[in-house]
Q: 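One structure coming up, written as structure tokens, with questions to follow.
Along the sequence shown, residues carry numbers from 1.
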Amino acid sequence: MDDQVLTGADLYRLYVPHILDLAMLPEDRPCSAAELNRLALNVPTAEYFLSMVRLEAEDCHVLGEQPLREHLEQSYITPLQEGRRFVPIPRLIPKSLLEKLSDWEDWAWLKDFCSEGSLVPYLLFLNKPVMKNGETHFTCTLRFGFDADYVP
């Protein structure tokens with residue numbers, strides 16, 4: 001992410017055109033928050049990513065082992081800044097962390113960061129649990145919902 005500090009508002013300005021592009025809509029098209037959320041749900045899923053790269057869920061990185069800020073930069077900010085299409089990269093989340101997500105410091109940081117840009121982070125899960133290192137994990141992708149309409 002270079003030395004430049006991006007804000008949640010910057011992420012919003014990068015993310016909305018990407019969502020509109022994936023939906024084959026013009027980037028200068030105003031959209032309601034509800035429409036943006038509907039379009040964002042059509043971004044390819046973790047299952048698609050795993051099948052595309054022939055990766056087993058057990059081989060995914062685990063959330064919490066890498067700072068969420070790094071995952072955000074690698075998986076979202078850098079590809080969006082470079083104008084690349086991207087598929088959200090799946091991660092594993094331990095059941096123990098999932099049960100205490102609201103207490104996780106990285107998650108609190110991400111919620112604050114996103115709120116600057118009228119974004120809401122959420123995790124989209126696969127239903128099938130995965131055992132890794134003797135602990136139950138779930139495969140998920142980090143996604144963003146919208147709290148505000150888009151007016152270019």
Q: Ignoring hydrogens and geometry, is there a side-chain-to-backbone donor-acceptor pair from T78 to E73 under 3.5 Å?
A: yes
Q: State, yes or no, whether a side-chain contact exists between L72 and L11 at a heavy-atom distance under 4.5 Å.
A: yes
Q: Do L20 and L14 share a hydrophobic cluster, counting only Ile, Leu, Val, Met, Phe, Trp and Tyr and linking them when any side-chain heavy atoms are less than 4.5 Å apart?
A: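 Yes: a chain of side-chain contacts under 4.5 Å links L20 to L14.
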Q: Salt bridge check: are K111 and E116 linked by an N-O gap of less than 4.0 Å?
A: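 So K111 does not pair with E116 through a salt bridge.
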Q: Between L123 and R143, is there a side-chain heavy-atom distance shorter than 4.5 Å?
A: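 SC-SC contact between R143 and L123 ruled out.
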Q: So for atom CD, which belongs to E105, do other residues, nucleotides or ligands contribute more than 12 heavy atoms lying within a distance under 6.0 Å?
A: no
Q: Could you work out, with salt bridge (charged side-chain N to carboxylate O under 4.0 Å, His left out) as the rule, every residue matching D149, not counting sequence neighbours?
A: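 Listed in chain order: nothing, the list is empty.
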Q: Could you give me the CA-CA distance, side-chain angles and deciding distance for E35 and R29, then say whether salt bridge (charged side-chain N to carboxylate O under 4.0 Å, His left out) is met?
A: CA-CA 11 Å; E35 184 177 16; R29 179 182 186 272; 2.9 Å; yes
Q: Do D112 and S115 get their side chains close enough for a donor-acceptor pair, meaning under 3.5 Å?
A: no
Q: Within the structure provided, determine whether P94 and H137 are in side-chain contact (heavy-atom separation under 4.5 Å).
A: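 Yes, at least one pair of side-chain atoms sits under 4.5 Å.
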Q: Does a side-chain heavy-atom distance below 4.5 Å link I93 with V62?
A: no
Q: Compare all side-chain heavy atoms of P90 with those of C140 and state whether any distance is below 4.5 angstrom.
A: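 P90 does not reach C140 side chain to side chain.
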Q: Less than 4.5 Å apart, side chain to side chain, heavy atoms only: is that true for D106 and P67?
A: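 Yes, at least one pair of side-chain atoms sits under 4.5 Å.
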Q: Name the orientation class of the two ring planes belonging to F144 and Y76 (parallel below 30°, tilted from 30 to 60°, perpendicular beyond 60°).
A: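 Perpendicular: the ring planes of F144 and Y76 meet at over 60°.
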Q: Among the clusters formed by ILVMFWY side chains lying less than 4.5 Å apart, do F138 and V130 turn up in the same one?
A: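 Looking at the clustering, V130 is in a separate group from F138.
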